[in-house]
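Shown next, in structure tokens, is the structure this report addresses.
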Amino acid sequence: MSIRVRFAPSPTGPLHIGGVRTALYNYLFAKKHGGVFILRIEDTDQNRFVDGAEAYITKTLDWLGISPDESPSKPGTAGPYRQSERKDGYLKYAKLLVKNSSAYLAFDTADELQSLREAAEQKGGRFIYNWENRNRLKNSLSLSADEVAELIENKAPYVIRFKSYEKGRDKSLSMVDKIRGDVVVDTSLLDDKIIVKQDGMPTYHLANVVDDHLMEISHVIRGEEWLPSMALHVLLYNAFGWKTPVFAHVPLILKPTGKGKLSKRDGDKFGFPVFPLEWDKETPGFKEAGYLPEALVNYLALLGWNPGGEEELFSLKELVALFSLEGITKAGGRFDPERCKWFNQQHLHKADSALVESSLAQLLQQKGIDNASVSTADVVGLVQDRLTLLTDLWDEAYFFFVAPVEYDEKAVRKQWKEETPQILSAVMNSIENAHDAQAETLSAGIKLWANENNIKLGMIMAPLRIALVGALKGPNVFAICSVLGKAECVKRIASAIDKN
Ligand code: GLU
């Protein structure tokens with residue numbers, strides 16, 4: 001069997017990370033089996049269409065390195081890949097179902113249905129349009145052929161409904177979900193879902209099943225929220241006489257508390273993004289928050305899928321090699337922002353330093369800093385291992401490019417002693433006269449002087465750091481000296497002696 005899977009989002013806004021994970025699982029599964037990963041845009045519901053959402057989805061998949069093999073912008077032979085461009089084709093399939101008695105035209109007006117609903121509610125029940133009452137309602141099963149013809153002639157609006165169950169048939173429908181196992185549904189409890197709306201447009205269910213069939217989708221891997229639709233979809237496949245794909249319903253991503261589905265509000269409340277890229281100013285993205293795509297991919301892959309073994313850090317290629325639908329867990333995965341950060345830190349430390357360097361170069365350009373005497377490569381060499389998020393970069397690196405103007409008051413109060421100016425003058429001389437600016441040379445020179453003069457290193461290191469950085473932070477102080485160069489160190493030390 002050739003493997004073809006699809007990610008089928010509706011372009012109703014930015015893609016939530018739950019959707020991102022569904023896309024990722026589809027991608028991993030396709031690549032693992034040498035199959036095809038398709039992006040299909042389900043945009044039949046024009047009321048919910050949001051401008052820019054499709055472009056956002058494409059940009060996200062590209063950023064994560066999981067671009068589809070076939071999509072609206074990269075069509076294969078199964079196109080078009082937007083349902084709005086396929087809309088003329090669906091009615092034909094609905095008519096096939098009407099013809100083989102699996103579906104019917106329903107002329108009930110919105111008001112009529114509303115009063116039926118209210119009447120049922122008054123009796124403490126719920127109105128369901130299905131096998132029990134369809135013969136008493138206004139449709140092509142209850143009306144004569146002439147009446148139906150007349151209504152159509154008079155342009156009476158109608159929808160097409162699917163017969164979910166018919167008296168005399170076996171009620172129970174047994175299905176298999178690759179993640180949940182056996183699923184049995186009593187089809188007599190289902191309603192007759194609308195498959196074509198009054199405007200002639202298909203609903204999600206019809207369009208989705210028809211397209212999965214026409215695009216020869218072998219596996220439907222999608223969010224758990226679609227599990228309740230699985231019975232209807234299987235019934236539709238059966239009614240058409242088509243082979244059903246394999247279904248796999250992926251569990252939800254849960255709030256950090258473990259209770260309920262992760263929402264945008266959780267992100268706002270706890271200060272972490274739930275969208276891959278920035279959508280607008282109120283909707284930040286992981287990218288802008290300093291996450292690497294490979295870290296997000298790694299974290300999301302493991303949030304609901306167990307690769308077996310102890311190892312947790314994987315590249316996309318390694319994930320592809322390990323992935324299986326069987327490893328997806330039944331229970332929802334709790335989103336843990338701290339753990340997500342940890343994955344980012346690990347990937348950031350392993351990342352190509354050229355990437356961090358180019359981020360740094362960008363920052364310098366944005367800030368209009370042109371400091372040619374400090375090598376960005378040297379700075380990155382010292383700070384890359386100190387980053388958790390790429391956005392930490394400036395905070396870890398600014399002092400290599402900007403000399404301190406102010407000094408951390410608390411640090412000065414604690415570390416600046418009466419003899420500090422004198423000691424720092426000697427340190428300054430030692431640096432100035434060192435025969436090179438290697439960290440080891442500078443460190444050896446200063447330590448020798450301290451030893452000869454019976455001065456504890458503690459009296460030197462903290463004030464020296466304050467003089468160079470402005471605060472008690474940063475990597476090894478001699479490494480900082482070395483990157484700054486002798487002249488800049490001398491300048492900064494002299495200035496600190498002057499100001500403190
Ligand atoms: N358009 C549906 C969604 O937005 C697709 C569900 C499916 O994959 O079948 O999630």
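Remember, it's 1-based here, ligands and their atoms both numbered in the order they're listed. Position 1 is the first residue of the sequence; numbering continues from there. Bear in mind that the values here come from a model prediction, so they are computed numbers and not experimental data.
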Do Gln366 and Gln362 meet the criterion of a side-chain donor-acceptor pair at a distance under 3.5 Å?
no
Verify whether one side chain among Ser102 and Asn100 offers a donor that lies under 3.5 Å from an acceptor in the other.
yes
Hey, are the side chains of His233 and Asp212 touching, using non-hydrogen atoms and a 4.5 Å cut-off?
no
With side chains defined as the heavy atoms from C-beta onward, is the minimum distance between Tyr56 and Val50 less than 4.5 Å?
no
Flag side-chain contact, heavy atom, 4.5 Å: Leu319 against Leu302:
yes
Can you work out which protein residues put a heavy atom within less than 4.0 Å of ligand 1?
Arg6, Ala8, Pro9, Ser10, Glu42, Tyr204, Asn208, Arg222, Trp226
Using ring pair (Phe, Tyr, Trp, His ring centres under 6.0 Å) as the criterion, list what pairs up with Tyr129, not counting sequence neighbours.
none
